[in-house]
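Following: one structure in C-alpha cells, then a few remarks.
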Amino acid sequence: MEGYNHKEIEKKWQEKWEADNLYKTEDQAKTADGSPKENFYTLVEFPYPSGNLHVGHWYAFAVPDIFARFRRMRGYNVLYPIGFDSFGLPAENAAIKRGLDPKEWTYSNIDYMSGQLKSMGNMFDWSRKVVTSDPEYYKWTQWLFIELFKKGLVYKKKGLVNWCPSCQTVLANEQVLTHSTDSEQVATCERCGTEVTKKDLEQWYFKITDYAERLLKDLDGLDWPEPIKESQRNWIGKSEGAEFSFQLSGVSFQENQSSALSYVMGVDDITSDLKKIGVEIFEKTPSGDYKVTVPKNKLRDFEGLISEKLKPGFWNEYIADETVFIFKDQTGEIKRFIWDEANEAELLQLCNEYAKANFSSIRGMLEGNEWYREKLEAHSRQLEAVRVFTTRADTLFGVTYIVLAPEHELVQSLVNSQKPIVENAEEVKKYVEEAKKKTEIERTDAKKEKTGVELQGIKAIHPATGEEVPVWVADYVLAQYGTGAVMAVPAHDERDFQFAKTYNLAITDVIADREEGRALTEYGTVINSHEFDGLTSEEAKEKITEKYGTKKITYKLRDWLLSRQRYWGCPIPIVYDPEGKPHPVPEEHLPWVLPTDNIDYTPKGTSPLGSSKELVERTEKIFGKGWRPEIDTMDTFVDSSWYFLRYTDPHNDQSFADKNMQKSWMPVKRYSGGAEHTTMHLLYSRFFHKALYDLGLVNESEPFKNRMNRGLILGPDGQKMSKSKGNVVDPGPHVERVGADTVKTYLAFIGPYNEVGQYPWDLGGIAGVRRFLERVWKLQEIVTTDEDSKEIHILLNQTIKKVTEDIESYKFNTGISQMMILVNEVEKVKKISKHTYKTLLQLLAPFAPHLTEELWEKMGHKNSIHIESWPQYDSSKLIGDEVTYAIQINGKLRGELRVARDTEESDVVTMAQDIQGIKERIRDKQVLKTVFVKGRLVNFVIEI
RNA sequence: GCCCGGGUGGCGGAACUGGUAUACGCGCACGACUUAAAAUCGUGUUCCGAAAGGGGUGCGGGUUCGAUUCCCGCCCCGGGCACCA
C-alpha cells in the first residue's frame with residue numbers, strides 16, 4: 001500500500017470535482033426518486049480581497065464547510081456561496097502606495113485569492129460568485145439605495161461627524177472603536193486604528209433610528225447566541241423614562257420668537273455664508289421681528305443656501321397628496337412648499353421662521369389656518385420651556401438645577417438674540433465656543449473635572465413645586481441624547497453630584513428613606529414632605545410621570561452615516577439640480593458608474609470623484625446644464641448589507657434578486673462570521689432587510705435565522721496575530737506539508753466553533769490530527785469481511801449519533817474525538833469490517849473531503865462520497881448488555897461492579913456489598929441508607 | 001458603573017437531567033524497532049504520598065446520600081455599553 005500522499009490526492013479530486021460540476025447548486029434539486037429536496041442556505045461572511053489568505057480565512061471558510069457538506073449528505077439542496085466584498089479603502093491605499101489602479105489591484109487579488117480558496121476544497125459553487133465592485137452588482141446597490149431614498153430613509157444633514165485623519169473620510173458611529181484606559185478614553189478607526197476626530201460636515205445618512213424598536217424587539221425571535229443579541233441590545237440602548245418641561249422665567253415669548261429664526265437656521269453657520277452671497281443679515285423691524293433682505297438676483301443662492309442649511313428631508317420631492325404653499329416676500333416668490341402631514345413638525349418650524357422673518361403676507365395666510373395656529377401655540381410653549389429626559393422620574397423632587405448641552409438650541413437663541421436676556425451672554429458664548437473646540441473624547445471623558453457656566457438672569461420653574469432653580473450650560477450633557485438637557489439631581493446622580501460640588505450648588509435628598517435609590521451623599525437637606533413619599537421607586541416613577549410629565553423612550557442608536565470621501569466605493573446615485581436640490585439618478589442610467597478619468601486618489605479630505613471631468617460631463621449631458629453629480633461614495637457596509645440576497649439569484653439583470661428565488665432560499669438558515677461584526681454588518685443588514693421588507697422587496701423581515709460567531713486563531717505565541725508581532729501564520733506552507741484536509745480538521749478540532757474562544761495555532765496539535773488521518777488511511781489494510789464485534793458495533797452506532805449531533809451544533813471538536821475513539825478501538829482488535837470502514841469514511845467526509853473521496857474510490861465506489869447519504873444509527877444498539885456500576889460509600893468511590901444491564905436492584909446491591917474493599921468497610925457499621933441509580937451507581941450511606 | 005460570557009491537568013479542551021471529574025488530542029517520561037536519529041508502535045501521565053490513604057473543577061459558605069453542575073457571598077479573566085441622565 002502506498003502512503004497517504006495528500007498533494008496528489010487533493011489535486012486529483014479538486015480537478016475532478018470541478019470537471020464534474022459536483023458543487024453546482026441548482027435553484028431546485030431533486031432526489032434520485034424525483035421528489036424535491038429541501039433548500040438550505042448556509043452562509044459565511046465573504047472576504048475582502050486583501051491579497052492573501054491567512055489562517056483566519058481557513059477557520060472562517062473551511063470549518064463551516066463541514067456543516068454545509070453534512071447538510072448536503074443529509075439530503076438538503078445546500079447553498080454555500082462565496083464572493084468578495086471588494087470595494088473599500090485598503091484597495092485605494094494600496095493603489096496610492098504602489099501607483100496602481102485600485103480596480104486592477106482588487107481584481108488581481110480576487111483572482112489570486114480565488115485560487116487559494118479553491119485549495120481548501122470547499123463545496124463553494126463558484127458560478128454564484130458575487131463581487132460587490134462589479135457594475136452588475138453595484139447597479140443594484142444603487143437601485144436599492146434609491147428605493148430607500150424614495151421611502152424617506154435616506155437623508156442629508158450637517159452635523160458633527162467622526163473623521164479618520166488617516167483614511168481621510170468620515171466614519172459611521174459603529175465604525176469607531178472606543179478603548180478605555182485608567183487615565184483616558186481613546187476612539188479609533190475600525191479599519192486603520194488611527195485616533196478619530198470630529199468634523200462639522202454635511203453627509204448622507206440612513207434612518208436606521210426609525211427601526212430601533214423593531215431591531216430590538218425582533219431579536220427575541222432570532223435563534224442567535226444570547227451574547228450577540230445582548231451586544232445589539234446594548235448598542236441600540238433603549239431607555240424608558242419620562243420627559244418633564246421646566247418653564248423658563250425671565251424669558252418672554254416675544255424674546256424667543258424674535259430669535260427663533262436664528263437658532264433654527266443656525267446663525268453661526270449661516271451668517272458668513274449669507275455674507276458671501278451678498279445677503280444682508282437680519283434686520284430688526286419696528287414690530288420686533290426680523291427680516292432678511294434678499295436681492296432678486298441672489299434669490300437662487302439664498303434658496304440653495306437655506307435648503308442646505310435646513311432639514312433636508314423636507315425638500316424631498318416624492319411626497320404625495322400635497323398641498324402647495326407659496327411663500328413670498330416683497331420681491332417675489334421665495335419657495336414653494338409641499339405640505340405633507342408626515343412632515344408637519346418640520347414644515348411648522350419652517351413656516352415659523354418665514355413668518356417671523358416678517359414675510360407678513362404669508363403670516364396672515366398662515367394665521368388664518370387653524371392647524372397652523374394650534375401648532376404655533378404649542379411650538380411657542382416649547383420655546384419657553386426646557387424639556388428634559390430622565391429615567392429617574394422618582395427623583396424629580398430632588399432637582400436643584402437644570403443643565404443644557406452647549407449645542408442646545410435654546411442656548412443659541414438666548415445668547416445670540418440682539419438683546420440677550422442672559423446677563424452673561426458673552427461668557428456663555430465663550431464657553432460654548434470652547435466646548436465646540438474640544439474633541440468628543442475630551443468632552444466625554446468622565447474622569448476629567450466637569451465645567452460649566454450659569455445662564456444668569458433666567459431661572460427654570462420646577463413643574464411640581466413651582467420653585468425657581470438655576471439653569472446651567474455644561475459640556476457633560478450630550479446634545480445628541482434625549483433632549484440635550486437634563487434635570488440635575490445631585491443627591492442621586494454621580495455626575496450631577498460632582499458638578500454640584502464643583503460649583504457649590506444645592507443638593508437635596510428626597511428619597512433617602514426608600515429602600516431603592518439610596519442617596520449618594522449625606523450632604524443634602526433631607527426633605528420627605530412630598531405626596532409620593534413611601535412609594536417604591538417604581539411606583540413613584542409612574543405616579544410622578546403621570547402627574548407632571550409624559551412617558552418617553554430614547555435610544556442610543558444614531559443614524560448610519562453612509563457617505564465616504566473616497567474613490568473606491570459605490571457611487572451615490574444622486575445628482576443636484578442647479579438649485580442644489582438632490583435627485584436620484586433614474587433607473588435607466590444605472591449603474592451610475594464609477595468614473596475612471598483624471599482621478600487623483602490621494603486623500604485630501606475631499607472626494608476624489610470631484611476631479612473627474614467625465615462625471616460632470618455625463619451629469620450635464622443627461623440632466624442638463626448646471627446639474628452636478630454627488631461625489632461621495634458609499635460606505636462598503638452598504639454593499640454587504642444585501643449581498644446574501646444576490647447569491648440566491650446572482651445573474652439576474654432585471655432585478656436585484658427575483659422574489660421567488662429569494663423565497664426558495666431566504667432567510668439564511670445559518671450564518672457564520674466574526675464577532676467584530678455584531679454591531680456593524682449584522683445590525684446594518686437587519687436594518688436594510690427590514691426596510692426592503694417594508695418596501696415589499698423581500699419576503700422576510702429578518703435575514704439571518706441562526707447565527708454563529710466564531711473564535712479567533714492566535715499566533716503560536718498565544719498573542720493575537722499581527723504583522724508587527726511577526727506571528728501571522730500563513731496556511732500555505734502547512735497545506736503544502738500536511739494537506740488541506742489536515743489543516744481543516746485541525747482547525748475544527750481545537751475547540752468548539754460557536755463560542756468566541758481564542759485558540760493558539762499549535763504545530764503539535766496539527767501533527768496529532770495528521771496522525772489520525774494517516775491511521776484512517778492505514779485502516780484499509782485491516783478491512784475484513786468479518787462481522788464487527790458487538791462492542792465495535794455499539795461504538796459505531798454511538799459514533800454516528802455523536803458526530804451527527806456535534807456537526808449540527810458546531811461542536812466539531814468532540815465529533816472528531818469520537819471518531820478517534822472508534823479508530824483507537826478497531827486498531828486494538830486489528831480489524832475493521834467493510835461496513836464500519838465505509839461508515840467511518842462517510843462520517844469523516846465533511847472534515848477530510850479529499851482523503852475520504854480517495855479511500856471511497858479505492859473501496860470500489862463509482863460515485864462521489866459527497867453525494868452519499870449520511871449514515872443512520874440504530875437507536876436500539878447504542879448501549880451494551882453489560883454495565884459498570886460505581887460502588888460508593890458515603891459518596892466516595894470504593895469499587896466497581898460489572899453486571900448484565902437488566903440485573904435487579906436487589907441483586908446488584910447484594911453483589912456490591914460483597915466486593916472486596918466494600919465488605920470490610922461496612923462490616924461493623926450500620927448502613928443507614930442505600931442509594932441505587934439504575935445502570936450507574938450504588939451508594940451505601942453509613943455512620944461515620 | 002450597568003449588562004452578558006467564562007474560570008476544570010504542563011497545554012487545547014471533555015463531562016447526560018445533580019450520579020465513577022479530567023474523554024480526545026498535544027506535551028512529557030519510559031520501553032520496542034534502529035548503528036543512530038526521525039518516523040512509527042507500546043506503556044504511563046490530576047496533585048501529595050514509597051504505599052495505604054488523602055486532597056482536588058477560581059475562593060468561602062449552603063442544599064444533597066452525592067455538586068464542575070443548584071443556591072448565597074466574594075475574587076479574577078474575556079466581551080458589549082458608558083458623563084446615555
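First the proteins, then the strands, lettered A, B, ... as listed; each starts at 1.
A:I713 places its CD1 atom 19 Å from the P atom of B:C11, with the value rounded to the nearest Å. Atom CD1 of A:I942 and atom P of B:C65 are 15 Å apart (whole Å). The CZ atom of A:R233 sits 17 Å away from the P atom of B:A82 (whole-angstrom rounding). As a whole-Å value, the separation of A:Q926 CD from B:C65 P is 16 Å. Rounded to an integer number of Å, the gap from CZ of A:R392 to C1' of B:G1 is 14 Å. Between the C1' atom of B:A85 and the NZ atom of A:K552 lies a distance of 15 Å, rounded to the nearest Å. At whole-Å resolution of the value, CZ in A:R770 and C1' in B:A39 are 12 Å apart. At whole-Å resolution of the value, CG in A:L714 and P in B:C11 are 16 Å apart.
The 5' end of RNA chain B is approached more closely, in terms of each residue's nearest nucleotide, by A:L763 than by the other of A:D496 and A:L763. Comparing A:P760 and A:K828 along RNA chain B, the residue whose closest nucleotide (by nearest heavy atom) sits nearer the 5' end is A:P760.
Partners of A:H734 by ring-ring contact (aromatic ring centres under 6.0 Å, His included), not counting sequence neighbours, listed by chain and number: A:W761. Taking the salt bridge (charged side-chain N to carboxylate O under 4.0 Å, His left out) definition, one finds that A:R233 meets it with A:D220, A:E226, A:E230, sequence neighbours left out. Listed by chain and residue number, nothing satisfies the ring-ring contact (aromatic ring centres under 6.0 Å, His included) test with A:F749 (two or more places apart in sequence, or in another chain). Residues forming a ring-ring contact (aromatic ring centres under 6.0 Å, His included) with A:Y503 (at least two apart in sequence, or on another chain): A:W472, A:F499. Partners of A:E190 by salt bridge (charged side-chain N to carboxylate O under 4.0 Å, His left out), not counting sequence neighbours: none found. Scanning for salt bridge (charged side-chain N to carboxylate O under 4.0 Å, His left out) contacts around A:K934 gives an empty result, with sequence neighbours left out. Listed by chain and number, the residues in a ring-ring contact (aromatic ring centres under 6.0 Å, His included) with A:F246 are A:H462 (sequence neighbours excluded). Not a single salt bridge (charged side-chain N to carboxylate O under 4.0 Å, His left out) links A:E791 to another residue, sequence neighbours left out.
Comparing B:G44 with B:U22, their P atoms are spaced 15 Å from each other, to the whole Å. One P atom belongs to B:G6, the other to B:G58, and the distance between them is 13 Å to the nearest Å. Taking atom P on both nucleotides, B:C33 is separated from B:C28 by 22 Å, rounded to a whole Å. The same atom, P, is picked in B:C47 and in B:C41; the two are 25 Å apart, to the nearest Å. A gap of 16 Å separates the C1' atoms of B:U68 and B:U64, to the nearest Å. Here the separation of B:A15 from B:A67, taken at their C1' atoms, is 13 Å to the nearest Å. Taking the P atom of each, B:C74 and B:C26 are spaced 43 Å apart, rounded to whole Å. Rounded to whole Å, the P atom of B:G9 lies 14 Å from the corresponding atom of B:A14.
No donor-acceptor distance shorter than 3.5 angstrom exists from the side chain of A:T903 to the backbone of A:V899, with no hydrogens or angles considered. Without hydrogens or angle criteria, A:D806 side chain to A:N813 main chain gives no donor-acceptor distance under 3.5 Å.
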Could you go through nucleotides 3-7 of chain B and list every protein N or O atom that sits under 3.5 Å from one of its N or O atoms, giving the distance for each pair?
| from | atom 1 | to | atom 2 | distance (Å) |
| --- | --- | --- | --- | --- |
| B:C3 | O2' | A:E230 | OE2 | 2.9 |

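Ring geometry for A:F812 against A:Y810 counts as tilted: the plane angle lies between 30° and 60°, on a 0 to 90° scale.
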Going 5' to 3' along nucleotides 20-25 of chain B, which nucleotides have protein heavy atoms under 4.0 Å from the base (write B), which only from the sugar-phosphate (write S), and which from neither (write -)? B--BBS

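Using a 4.5 Å heavy-atom cutoff, the side chains of A:I816 and A:T745 are in contact. Counting heavy atoms from C-beta on, the side chains of A:F940 and A:I887 come closer than 4.5 Å.
Using a 4.0 Å heavy-atom cutoff across all strands shown, A:K229 reaches no nucleic acid atom at all. Residue A:P752 is classed as a sugar-phosphate contact, given heavy-atom separations below 4.0 Å to backbone atoms only. Contact annotation for A:Y759: backbone-only contact, meaning every heavy-atom pair under 4.0 Å involves sugar-phosphate atoms and none involves a base. Residue A:V486 is classed as a base contact, given a heavy-atom separation below 4.0 Å to a base.
OP1 or OP2 of B:G54 sits under 4.0 Å from a side-chain N or O of A:R894. For B:G19, neither phosphate oxygen OP1 nor OP2 lies less than 4.0 angstrom from any side-chain nitrogen or oxygen of A:K892.
Closest approach to the A:V933 side chain among B:A85, B:G19, B:G12 is made by B:G19 (side chain taken as heavy atoms from C-beta onward).
Listed by first residue number, the stems of RNA chain B with at least three Watson-Crick or G-U pairs below 3.5 Å are B:1-7 with B:75-81, B:10-12 with B:24-26, B:27-32 with B:40-45, B:46-48 with B:53-55, B:58-62 with B:70-74.
With a glycosidic angle no more than 90° from 0, B:G9 adopts the syn conformation.
Identified under the salt bridge (Lys or Arg N to Asp or Glu O under 4.0 Å) test for residues 763-775 of chain A, with sequence neighbours left out: A:R770-A:E774, A:R775-A:E827.
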